[in-house]
Amino acid sequence: MRGIDNNLTEFYEALLARYGHQHWWPGETDFEVMVGAILTQNTNWKNVEKAIANLKTADLLTPPALDALTEKQLAEYIRPAGYFNIKSRRLKNLIRWLMEEFEGSLDPLRDYSIPRLREELLAINGIGRETADSIILYALHKPTFVVDTYTYRVLARHGCIDAESDYEQIKEFFESHLSEDVELFNEFHALIVQVGKNHCRPRAQCANCPLETFAHTIEE
DNA sequence: GACCAGGCACATC
DNA sequence: GATGTGCATGGT
C-alpha cells in the first residue's frame, strides 16, 4: 500500500470539507438498514429506495412480517431494486436466520464480537463480505471498514493500492491506519462512494479528484 | 442503445 | 485459485 498511507486522515478531512456529512445509512431502523444492504447489491440506491418504500407502505419492514411472505410475494414488492428473485431469496435467508436464532430481534447481535458477526453473516447464502460489513457497521454500529467497488476503483486509479489488492487487504489498510471509530468508518466509506460517483466513473477519466493531491504529494 | 449502479454464488477450466 | 456468467430494474 502506498501513496496515502501517512495522511489517510488528512484525506478524510479533505473529503469531509469538500462534501460534508453524508448521513449514512439512510434508514429509519436498523432492520431497514439490513434489508437495504442486500437490496443495494450492484444496484443504484434510487432503485432500492423504491423497493423499501413498497415494503414500508405495506407495513412489512419487520422480521416477522417479511417472514410471513412467500419468496414470490416478497419478490414483487422489491421488484424495482432489480435482481428481485435472487434478492428475495437472500432476504429470506437473512430473515430465517434472525427468526430461528433470535425470534426476529436484533438485540442479541449487539453483544456479538465483530469476528463472530462476520462469521455468522458470511455463512448466510447471499451475504458476502461487503454486505456483511455494511450490516455490522451501518445496522449494528460496530467499527468494521466497508470496502466496495468505489473504494477499490478510487484507490487503484490513483496508485494508492496495487491493482491486485483483495477485499481483506484494502479493509486492513484502512483499519490499521485509522482509530476504531464507528462514526469515522461510517463517514469515510460514504465519502469514498461520493468521490467515486463524482470523479472515478469506470470508463471516464478522473477529473479534479480530491485524491490526486494526496497521492501525488506523497509519491514525490 | 449502451452504460452504469453502494455484489454474490456458482459453473467451468 | 482464477476467470466467466447470470441475475434485472431504472436513470443517464
Side-chain angles (χ1 to χ4, degrees), chain A residues 12 15 19-27 30-55 71-97 118-141 144-157 162-171 174 182-207 211:
Chain A
Y12 169 75
L15 291 182
Y19 296 111
H21 288 287
Q22 301 298 303
H23 304 289
W24 274 31
W25 184 296
D30 292 338
F31 180 65
E32 180 180 329
V33 174
M34 283 184 154
V35 171
I38 288 178
L39 292 179
T40 199
Q41 290 170 354
N42 202 37
T43 300
N44 189 303
W45 182 254
K46 285 289 175 195
N47 288 7
V48 176
E49 284 182 328
K50 294 175 186 139
I52 299 255
N54 285 346
L55 294 173
E71 204 175 294
K72 203 98 177 170
Q73 289 171 322
L74 177 53
E76 283 310 310
Y77 286 103
I78 64 172
R79 177 179 282 272
Y83 303 129
F84 49 84
N85 289 315
I86 189 74
K87 284 175 179 174
S88 178
R89 181 153 69 242
R90 290 172 180 180
L91 281 172
K92 294 294 277 184
N93 291 342
L94 170 65
I95 288 151
R96 189 179 314 117
W97 176 67
R118 220 163 179 256
E119 187 183 341
E120 301 249 358
L121 288 168
L122 288 173
I124 299 169
N125 188 292
I127 295 185
R129 289 176 296 197
E130 185 189 336
T131 306
D133 287 331
S134 294
I135 288 173
I136 295 168
L137 178 63
Y138 291 106
L140 299 173
H141 315 285
T144 198
F145 205 90
V146 179
V147 175
D148 65 351
T149 53
Y150 287 114
T151 314
Y152 175 82
R153 191 192 309 149
V154 170
L155 296 185
R157 272 278 174 97
D162 294 323
E164 58 271 19
S165 299
D166 67 17
Y167 187 101
E168 302 298 338
Q169 289 174 317
I170 298 171
K171 176 183 173 62
F174 280 95
V182 174
E183 292 310 315
L184 173 63
F185 287 6
N186 175 326
E187 196 67 52
F188 207 158
H189 172 73
L191 285 165
I192 287 171
V193 171
Q194 191 62 32
V195 178
K197 285 178 174 172
N198 284 293
H199 304 283
C200 267
R201 300 180 65 77
R203 300 192 184 214
Q205 206 168 23
C206 296
L211 184 51

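Naming: A, B, ... by sequence-line order, numbering from 1 per chain.
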Think [X] has a side-chain N or O under 4.0 angstrom from the OP1 or OP2 of [N]?
X	N	value
A/R129	B/dG6	no
A/T40	B/dA5	no
A/T131	B/dC8	yes

Nearest whole angstrom, please: distance from the [atom2] of [N] to the [atom1] of [X].
X	N	atom1	atom2	result
A/N125	C/dG6	CG	P	19 Å
A/L94	B/dA9	CG	P	13 Å
A/Q22	B/dG6	CD	C1'	12 Å
A/N47	B/dC3	CG	P	19 Å
A/Y167	B/dG6	OH	P	15 Å
A/R90	C/dG6	CZ	C1'	10 Å
A/D148	B/dG6	CG	P	8 Å
A/R89	B/dA9	CZ	C1'	10 Å

Span that lies between the P atom of C/dG10 and that of B/dC8, in whole angstrom: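 Rounded to whole Å, the distance is 22 Å.
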Same-atom distance (P) from B/dG6 to C/dG4, integer angstrom: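 B/dG6 and C/dG4 have their P atoms separated by 24 Å.
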Considering heavy-atom distances to DNA chain B, does A/S134 or A/G126 have its closest nucleotide positioned more toward the 5' end?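 Nearer the 5' end of the strand: A/S134.
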Side chain [X], main chain [Y], donor-acceptor under 3.5 Å:
X	Y	value
A/R157	A/R201	yes
A/H189	A/E187	no
A/Y138	A/W24	no
A/Q41	A/G126	yes

Students often mix this up, so state it plainly: with edges at 30° and 60°, are the rings of A/F174 and A/F145 parallel, tilted or perpendicular?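 Judged by the thresholds at 30° and 60°, the geometry between A/F174 and A/F145 is parallel.
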Give the ring-plane orientation class for A/H199 versus A/Y19, where under 30° counts as parallel, over 60° as perpendicular and anything between as tilted.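 It falls in the tilted class, 30° to 60°.
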Would you kindly say whether A/S88 and A/N85 are connected by a side-chain donor-acceptor distance under 3.5 Å?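 A/N85 and A/S88 do not have a side-chain donor-acceptor pair below 3.5 Å.
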Mind checking [X] for me? I need base, sugar-phosphate or nothing, with any heavy atom below 4.0 Å counting as a touch.
X	result
A/T149	sugar-phosphate
A/I127	sugar-phosphate
A/R153	sugar-phosphate

Regarding A/R89 and A/E71, does a basic nitrogen lie under 4.0 Å from an acidic carboxylate oxygen?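 Salt bridge present between A/R89 and A/E71.
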Electrostatic pair A/E168-A/K171, nearest N-O below 4.0 angstrom: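 Looking at A/K171 together with A/E168, the answer is no, because their closest N to O distance does not fall below 4.0 Å.
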Please give me every residue in residues 72-87 of chain A whose heavy atoms get under 4.0 Å of an atom in DNA chain C, ordered by residue number.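 Only A/R79, A/P80, A/G82, A/Y83, A/F84, A/N85, A/I86 qualify.
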If you take any heavy atom closer than 4.0 Å to DNA chain C, which residues from residues 191-202 of chain A end up in contact?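 When residues 191-202 of chain A is checked for heavy atoms under 4.0 Å from DNA chain C, there are no hits whatsoever.
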To the nearest 0.5 Å, what is the distance between CH2 (A/W25) and CG (A/L137)?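 Nearest 0.5 Å value for the CH2-CG distance: 9.5 Å.
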Here's a test of your reading of the structure: between A/N42 and A/K46, which maps to the more 5' nucleotide of DNA chain C?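 With A/N42 and A/K46 compared, the 5'-side residue is A/N42.
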Looking at B/dA5 and A/Y150: do their rings stack (centroid distance under 5.5 Å, interplanar angle under 30°)?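 Base of B/dA5: not stacked against A/Y150.
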